[in-house]
Amino acid sequence: MKFLNSLDITKTDKAMAEFVLEHLHKHLIVVIPEQDTNPVFLSRLIHDMSRIANFRQMVHDADGNYKGNPAEYIDPWTVGTYPVQRVTGEKRDGNYTGIFPRGELKWHANLNGPTRADGVGLQAIRGVKGTTTSWLDTSLARADMHSETVKMLEDVWCDYRYESAKNWADTPEVQLKAMSRGNNSYRMRVLQENVAGTKGFYFYTNNDLKMTSLPQIQEALEDWLFDEQYMYHHHWREGDIVLSDQLLTLHRRVPFPQEVLEQRLLHRWTFPISNAKDPEWILKRNIL
């Protein structure tokens, strides 16, 4: 995990984007504290780092008004007009205006298959005081693992089944239906490294998981990975940004009272990291 305290994303340029991406490649989790919350600035930074993958889900404006499904993301970058994807329990006319609006959000990643975007950006907008999001950094767990155990895992794969968020979130039916459109089965190596050579694990226990070999060690491997010492807990302040490499990290939201989630608002971006220049980079590493 790396804090980048000196950045001002209102002054984003290509050099800043390359600097942030370099740290994201190496450290997997990058925190940029207390930034301007106008969504145009983080959108522009992510565009300059890679590209915005979830623009079709950016269907609200910054005030939570529904704007519909955009055909493409907006460029040039006009302050005050950029759409967002919201994570919140806030309602308008009885309908939620954000994804994952209720309760606990178990360990998950955006990489629900090798072709998905492997980066996620979250920015705290309001109502976040006293709330946290946690990240699991598998590179730390791999660095601590005995070399003989790592060697034993070199040819171990897992088969996954992704249907929707039903295994890892209390999600409204309309969102489950939308998320199930991309359901798929896929196979991934347990040992992974990103495009910059940072090594860790892909071990996504809240998608249906079956180890293709050594199934007897699945519980022990899970116990090793999900140890407190490999976790980072971010205590949100308004404007905070957390970017993460979702090939090698997972994240979760602990349960909060619904009245907290109705006031708490994050904006969410997804973007490719390792498969930014070659969309099949991860896929190629995970074909038998």
(Q) Would you say CD of Glu228 has more than 12 non-hydrogen atoms from neighbouring residues, nucleotides or ligands within 6.0 angstrom? (A) yes
Q. What distance separates Arg252 CZ from Thr133 OG1, expressed to the nearest 0.5 Å?
A. 10.0 Å
Q | N/O donor-acceptor pair under 3.5 Å between Thr171 side chain and Leu176 backbone | A | no
Q: Kindly compute the distance separating CD1 (Ile287) from CD1 (Ile282), expressed to the nearest 0.5 Å.
A: 12.0 Å
Q | Residue pair Asp13 / Asp48, side-chain heavy-atom distance below 4.5 Å | A | no
**Q.** Donor-acceptor contact below 3.5 Å, side chain Gln57 vs main chain Arg268
**A.** no
Q. Going from OG on Ser134 to CG on Leu105, what distance comes out if it is rounded to the nearest 0.5 angstrom?
A. 11.0 Å
Q: Check whether more than 12 heavy atoms from other residues, nucleotides or ligands sit under 6.0 Å from atom CG of Asp278, and answer yes or no.
A: yes
**Q.** Closest heavy-atom pair and its distance - Ala109, Gln246
**A.** CA-OE1, 3.0 Å
Q: Taking all heavy atoms of Val31 and all of Val242, pick out the closest pair and write down the distance.
A: CG2-CG2, 4.2 Å
Q) Are the side chains of Thr249 and Ile29 in touch, meaning some heavy atoms are under 4.5 Å apart? A) yes
Q) If you take all heavy atoms of Met188 and Tyr160, which pair is closest and at what distance? A) CB-CE1, 4.0 Å
(Q) Looking at Thr270, is its backbone amide N or carbonyl O close enough to the side chain of Asn54 to form a donor-acceptor pair, meaning the two atoms are under 3.5 Å apart? (A) yes
Q.
Before you tell me yes or no, could you show the steps for Tyr204 and Leu111 under side-chain contact (heavy atoms from CB on, under 4.5 Å), namely the whole-Å CA-CA distance, both residues' side-chain angles and the distance that decides it to 0.1 Å?
A. CA-CA 9 Å; Tyr204 195 163; Leu111 196 69; over 6 Å; no
I'd like a table of donor-acceptor pairs (distance under 3.5 Å, sequence neighbours excluded) in which one partner is a side-chain atom from residues 122-131, with atom names and distances.
from: Gln123; atom 1: NE2; to: Asp36; atom 2: O; distance (Å): 3.1
from: Gln123; atom 1: NE2; to: Gly239; atom 2: O; distance (Å): 3.1
from: Arg126; atom 1: NH2; to: Glu90; atom 2: OE1; distance (Å): 2.7
from: Thr131; atom 1: OG1; to: Val128; atom 2: O; distance (Å): 2.7
from: Thr131; atom 1: OG1; to: Arg264; atom 2: NE; distance (Å): 3.0

Q: Give, for atom CG of Leu42 and atom CD1 of Ile32, the distance between the pair rounded to the nearest 0.5 Å.
A: 7.0 Å
Q.
Trp269 and side chain to side chain contact (heavy atoms under 4.5 Å, CB included): which single residue from His47, Met58, Gln85 fits?
A. Met58
**Q.** Leu140 and Gln229: CA distance, side-chain angles, deciding distance, side-chain contact (heavy atoms from CB on, under 4.5 Å) verdict
**A.** CA-CA 8 Å; Leu140 302 178; Gln229 65 182 316; over 6 Å; no
Q) Which heavy atom of Asn194 sits nearest a heavy atom of Trp281, and at what distance? A) C-CH2, 3.5 Å
Q) Under 3.5 Å, is there a donor-acceptor pair between the side chain of Thr138 and the main chain of Phe201? A) yes
Q: Would you please test Arg116 and Asn275 for side-chain hydrogen bond (donor to acceptor under 3.5 Å, both in side chains) and show each step?
A: CA-CA 9 Å; Arg116 302 292 183 90; Asn275 53 357; over 6 Å; no
Q. Under 4.5 Å between any side-chain heavy atoms of Gln258 and Glu262, yes or no?
A. yes
Q) Any idea which heavy atoms bring Ser139 and Thr198 closest together, and the distance? A) CB-CG2, 4.2 Å
Q. Is it true that Val84 and Leu266 fall in one hydrophobic cluster, defined by side-chain heavy atoms closer than 4.5 Å?
A. no
Q: Please tell me if the side chains of Arg285 and Val195 come closer than 4.5 Å, counting only heavy atoms from C-beta onward.
A: no
(Q) When you compare the side chain of Met152 with that of Ile217, does any pair of heavy atoms fall below 4.5 Å? (A) yes
**Q.** Any donor-acceptor N/O pair, Arg44 side chain to Thr10 backbone, under 3.5 Å
**A.** yes
Q) When hydrophobic residues are tied together by side-chain contacts of less than 4.5 Å, even through go-betweens, does Val260 share a cluster with Val254? A) yes
Q | Derivation and outcome, side-chain contact (heavy atoms from CB on, under 4.5 Å), residues Phe41 and Tyr82 | A | CA-CA 9 Å; Phe41 298 120; Tyr82 209 83; over 6 Å; no
Q | side-chain contact (heavy atoms from CB on, under 4.5 Å) evaluation trace for Tyr232 with His251 | A | CA-CA 9 Å; Tyr232 167 64; His251 60 290; over 6 Å; no
Q: Starting at CD of Gln192, measure out to OG of Ser274 and round the result to the nearest 0.5 Å.
A: 9.0 Å
Q.
For a 4.5 angstrom cut-off between non-hydrogen side-chain atoms, does Trp168 reach Asn207?
A. yes
Q | Separation between CG of Leu225 and CZ of Arg142, rounded to the nearest 0.5 Å | A | 11.0 Å
Q | Taking every non-hydrogen atom, the tightest pair across Pro172 and Arg102 | A | N-NH2, 3.6 Å
Q) Does any non-hydrogen side-chain atom of Pro101 lie less than 4.5 Å from one of Gln175? A) yes
Q: Measure from the side-chain N and O atoms of Arg86 to the backbone N and O of Thr97, and report whether any donor-acceptor pair falls under 3.5 Å.
A: yes
(Q) Hydrophobic clustering (ILVMFWY, side-chain heavy atoms < 4.5 Å, transitive) - are Val87 and Val59 grouped together? (A) no
**Q.** Of all pairs that satisfy salt bridge (Lys or Arg N to Asp or Glu O under 4.0 Å), the ones with a partner from residues 231-246, not counting sequence neighbours
**A.** Glu34-Arg237, Arg237-Asp240
Q) Is it the case that one hydrophobic cluster holds both Phe3 and Leu28, taking links as side-chain heavy atoms less than 4.5 Å apart, direct or via other members? A) yes
Q. Is there a side-chain contact between Tyr186 and Asn286, using heavy atoms and a 4.5 Å cut-off?
A. no
Q: Check whether any side-chain N or O of Gln263 sits under 3.5 Å from a backbone N or O of Leu261 as a donor-acceptor pair, and report yes or no.
A: no
Q: Determine, using the 4.5 Å side-chain heavy-atom cutoff (strictly less than), whether Trp135 and Val120 are members of one ILVMFWY cluster.
A: yes
**Q.** N-O pairing of Glu104 and Lys106 below 4.0 Å
**A.** no
